[in-house]
Structure formats: structure tokens, C-alpha cells
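Below: one structure, written as C-alpha cells.
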Amino acid sequence: MKRKFLFGLGLAAVIAAPVAVSTPVFANLKEAGAAIAQQLLRPEVKLEMGVEKQVAVVDENGVEKMEWQALEGEATVLPGDVLRYVVESSNGGDIAAKNLVIEQPIPAEMTYVIDSQKGNSEATAVYSIDGGETFVAEPMVEVTLEDGTKEMQPAPAEDYTHVKWNFSNELASEMAVSVSHEVTVK
């Protein structure tokens, strides 16, 4: 019985002392509470990627037109086929997602189709020709002309290794965006 009483007093002294004596403990608890709340309220960005193949179809009037056909599971593609990669991003979290960036590598078996990128108006596309190390709006390469002079020219489609979209606006809770680009099978 005596042990329980002493233990109870000791515990009360330890708990009461920091609260009664030290104001910074309240500040620390308040900051910890804010940090916990921030962890609970956060964006939950979900990315889904799909691939479509451009195919020629004949309509009911006998006119041939191009359409996109979703590829699922194991699909056959041949050299020269044009594919479109579509990335959809949605925020299922409680707060907006800031500084959203979507980066897509161009597979080695594919060639990027220049100017094929599409996305929401707040998305800015930039490209890499060095394996994703650097990104610029207009990749350039140095070319030696017939007379031996060198000049910078736009990079050929075969040099593109990545495409990246930077979103200037926040992705609000329950909002979705979509970006896409096309490639040709080598």
C-alpha cells in the first residue's frame, strides 16, 4: 500500500511540474498539435496512366478517319504505330496540392512526336534530351554545318527522353487534370 501511495505522488509531481512551471511546454504542445493536424490534412494525389493507339476506321459513309483506341493488357504495336500516353491526376485529399509536376520518360523503343503534348491550360510542358537531368521548353543541339561552322538547332524528335508538365495553379481538393503526349513506335 505504501508503494502505491509513493508511486502516485511521484507521478503527479512529474506530470504537474512541467505544466505549472514551464510555459514553453504549452507552445511545444501547440506546435506538435499543428504538425499532427497538417499531417492529417494533406493532398492525396492519384495518378492514372493510359495508353491509346491511333487507328484508322471507316465510318458509315465509307470515309476513313483516325481515332484513338485504348490499349489494355497485352497489345500488339508495330513500327510506325502512333501511341498516346495519357496521365490523369486527381486530388482526393482535404487540401490543395501545390507544385504538382508530372514527368514521363519516353521509352527507348519510341520516338516523341514534337508538339503533341496536350494538357490543362495551367500546365507548362518542358523536355529533356539528356535522360531527365535537365529540362527546357525548347531543347537545342549543336550541329556542324557543311562549311564547318557550328550552330544551335532544335533537337530532333529522336533525342527527346522525357516530357514534364509543371502546374502553376494548385490542384484543389476533388479536382482532376489530364496531360498527354504522343510517340511513334521505332
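Only this structure's heavy atoms are used, side chains among them; waters, hydrogens and symmetry mates stay out.
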[X] side chain near [Y] side chain, heavy-atom distance below 4.5 Å:
{"X": "D130", "Y": "P139", "value": "no"}
{"X": "L78", "Y": "V185", "value": "no"}
{"X": "T184", "Y": "V82", "value": "yes"}
{"X": "V179", "Y": "V163", "value": "no"}
{"X": "L47", "Y": "S89", "value": "yes"}
{"X": "Q104", "Y": "M49", "value": "yes"}
{"X": "S168", "Y": "T124", "value": "no"}
{"X": "W68", "Y": "K53", "value": "no"}

Can you hop from [X] to [Y] via hydrophobic side chains spaced under 4.5 Å?
{"X": "V136", "Y": "I114", "result": "no"}
{"X": "M175", "Y": "V86", "result": "no"}
{"X": "I106", "Y": "V51", "result": "yes"}
{"X": "I95", "Y": "L100", "result": "no"}

Distance, nearest 0.5 Å, that separates [atom1] of [X] from [atom2] of [Y]:
{"X": "D81", "Y": "K186", "atom1": "CG", "atom2": "NZ", "answer": "15.0 Å"}
{"X": "D159", "Y": "T111", "atom1": "CG", "atom2": "OG1", "answer": "10.0 Å"}
{"X": "S180", "Y": "I102", "atom1": "OG", "atom2": "CD1", "answer": "11.0 Å"}
{"X": "R84", "Y": "L71", "atom1": "CZ", "atom2": "CG", "answer": "11.0 Å"}

- Cationic N near anionic O, under 4.0 Å, K46 to E44: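 Salt bridge between K46 and E44, a charged N being under 4.0 Å from a carboxylate O: no.
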- In terms of the angle between their ring planes, are Y85 and H181 parallel, tilted or perpendicular, with boundaries placed at 30° and 60°?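 Rings of Y85 and H181: parallel, under 30°.
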- Item | Shortest non-hydrogen contact from S90 toward L171 | C-CD2, 4.2 Å
- Query: Of the non-hydrogen atoms in G148 and T144, which two are nearest, and what is the gap between them?
  - Reply: O-CG2, 3.9 Å
- Supply the members, apart from F135, of the Ile/Leu/Val/Met/Phe/Trp/Tyr cluster built from side-chain contacts under 4.5 Å; use none for a lone residue. V126
- Query: Should we say atom CG of D59 is surrounded by more than 12 heavy atoms from elsewhere, each under 6.0 Å from it?
  - Reply: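 It does: D59 CG has more than 12 such atoms within range.
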- Query: Are there more than 12 heavy atoms of other residues, nucleotides or ligands under 6.0 Å from atom CD of E72?
  - Reply: no
- Among Q117, E182, H162, find the one that has a side-chain hydrogen bond (donor to acceptor under 3.5 Å, both in side chains) with Y112.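 Filter result, single survivor: Q117.
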- Message: Applying ring-ring contact (aromatic ring centres under 6.0 Å, His included), can you list everything that pairs with F167, at least two apart in sequence or on another chain?
- Response: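 None.
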